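First comes the structure, then the notes that go with it.
Being a predicted model, the structure only gives us computed values, none of them experimental. Reminder, nothing fancy here: chain letters follow the sequence lines and each chain counts from 1.
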2 protein chains.
Amino acid sequence: MSDSHFSISLHILTLLDHEKGQLLNSEYIAGSINCNPVLVRKELANLRKHGLVHSKEGKGGGSTLAKNPADINFGEVYKAVKQKSLFGESKNEPNPDCLVGKQISKHLSKLYDEAENALIKNLSTYTLADFSAKFD
Amino acid sequence: MSDSHFSISLHILTLLDHEKGQLLNSEYIAGSINCNPVLVRKELANLRKHGLVHSKEGKGGGSTLAKNPADINFGEVYKAVKQKSLFGESKNEPNPDCLVGKQISKHLSKLYDEAENALIKNLSTYTLADFSAKFD
DNA sequence: TTGTACTGTAATTAAAAATATTACAGTATG
DNA sequence: CATACTGTAATATTTTTAATTACAGTACAA
């Protein structure tokens, strides 16, 4: 993060929940998000890989939820979607000849991991069902 | 985030703590981080604005901590450094004609705010002094 | 009082990352 | 067999991030 993967995935899941039972195609979903259908299909591929959605190919195809919305919590969605560190570390290697530079990556990673766990713990208290229920 | 502002700020603060008493100039700091000195000066400008460091202009100038490292917690550093949402939201406006699209930004913002608060709460348990002590 | 070594900051350029677009093979449906 | 999808790769565009250049302002010290 913070690209918009998490937001897009939550948007997709919310839509699938709201139109439950139906197969929604990538163009329809992209129309709601206002983004490119290929981006949606990529995002769906990832959600599928993590067992959150199911897709059907061919004419009349599309996607649906693969689990009960009450059983999808946002901590697991976060983990499914995440593809890089929450906090970017400087893309260049810090100076190995400097006492601080030499060790900081290791210490920052540990700090970030713990902070991220706190974040995930919080996200895990929400389910898709809770979230969906807020839309009226 | 997740640009590297937070990482760079923590690196700067750690260095200033480790070489306490001295004025460190932006070139020296940049050498440890392995980035451009101007980037360091911009980051210092922000830390200064938030009362975390003090800088001295002119020959022999540089920066020092403005507070005791035990009184600098990483929650406040995070808040000082943060300049955009933890999670990017799709840069296009979602479709206002869609029930989900119309309301999702509001609901996501609330969700993200609460998750971010959990993150900050965790970060607030660490001080610069604690962190610095890990370097040997 | 002048040269030197810094900061502060703006403007520009370059590099990297995110997203959109195009394209098309594969698959299910009728 | 025509149609309407998915899956995915390749490319192009846009946006964001970071580096670079430039220079005025400030402090020190000879």
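- Within the structure, every side-chain polar atom (N or O) of Asn92(A) is placed at least 4.0 Å from both OP1 and OP2 of dA18(D).
- The Arg48(B) side chain lies nearest to dG8(C) when the options are dG8(C), dT6(D), dT19(C).
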Check against side-chain contact (heavy atoms from CB on, under 4.5 Å), Phe131(B) and Leu108(A): CA-CA 9 Å; Phe131(B) 189 70; Leu108(A) 286 179; 3.8 Å; yes

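- Remark: P of dA4(D) and OH of Tyr28(A) are 19 Å apart, rounded to the nearest angstrom.
- By the neighbour-count criterion of 12 heavy atoms within 6.0 Å, atom CD of Glu114(B) is densely surrounded, having more than that number from other residues, nucleotides or ligands.
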For nucleotides 28-30 of chain C, tabulate all protein N/O to nucleotide N/O atom pairs closer than 3.5 Å, reporting atom names and distance.
from, atom 1, to, atom 2, distance (Å)
dA28(C), N3, Lys59(A), N, 3.3
dT29(C), OP1, Lys56(A), NZ, 2.5

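- For the pair Lys84(B) NZ and dT16(D) P, the computed distance is 7 Å after rounding to whole Å.
- Remark: the Asp17(A) side chain and the Thr14(A) side chain contain no N/O donor-acceptor pair separated by less than 3.5 Å.
- The nearest whole Å value for the distance from the CD atom in Glu89(A) to the C1' atom in dT17(D) is 16 Å.
- Atom CG of Asn25(B) is separated from atom P of dG8(C) by 12 Å (rounded to the nearest Å).
- Ser26(A) comes within 4.0 angstrom of sugar-phosphate atoms only, judged by non-hydrogen atoms across all strands, and of no base.
- Atom CD1 of Ile29(A) is separated from atom C1' of dG7(D) by 14 Å (rounded to the nearest Å).
- Annotation: His54(A), atom NE2; neighbour count of heavy atoms from other residues, nucleotides and ligands within 6.0 Å does not exceed 12.
- Atom NZ of Lys134(A) has more than 12 neighbouring heavy atoms from other residues, nucleotides or ligands inside a 6.0 Å radius.
- For Glu89(A) and Tyr112(A), the side-chain atoms include no donor-acceptor pair closer than 3.5 Å.
- For residues 93-106 of chain B, no pair satisfies salt bridge (Lys or Arg N to Asp or Glu O under 4.0 Å), with sequence neighbours left out.
- Atom C1' of nucleotide dT17(D) and atom CD of Gln83(B) are separated by 10 Å, given to the nearest angstrom.
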Ile33(B) and Ile12(B): CA distance, side-chain angles, deciding distance, side-chain contact (heavy atoms from CB on, under 4.5 Å) verdict: CA-CA 8 Å; Ile33(B) 299 176; Ile12(B) 291 172; 4.0 Å; yes

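- What separates CG of Leu44(B) from P of dC6(C) is a distance of 14 Å, to the nearest Å.
- Side-chain nitrogen and oxygen atoms of Ser4(B) include none within less than 4.0 Å of the OP1 or OP2 phosphate oxygen of dT17(D).
- Taking a 4.0 Å limit (strictly below) on heavy-atom distances, residues 31-43 of chain A reaches DNA chain C at Cys35(A), Asn36(A), Val38(A), Leu39(A), Arg41(A).
- For Ile8(A) and dT19(C), the CD1 to P distance is 6 Å, given to the nearest whole Å.
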Residue pair Val77(B), Leu128(B): steps toward the side-chain contact (heavy atoms from CB on, under 4.5 Å) verdict: CA-CA 9 Å; Val77(B) 176; Leu128(B) 177 56; over 6 Å; no

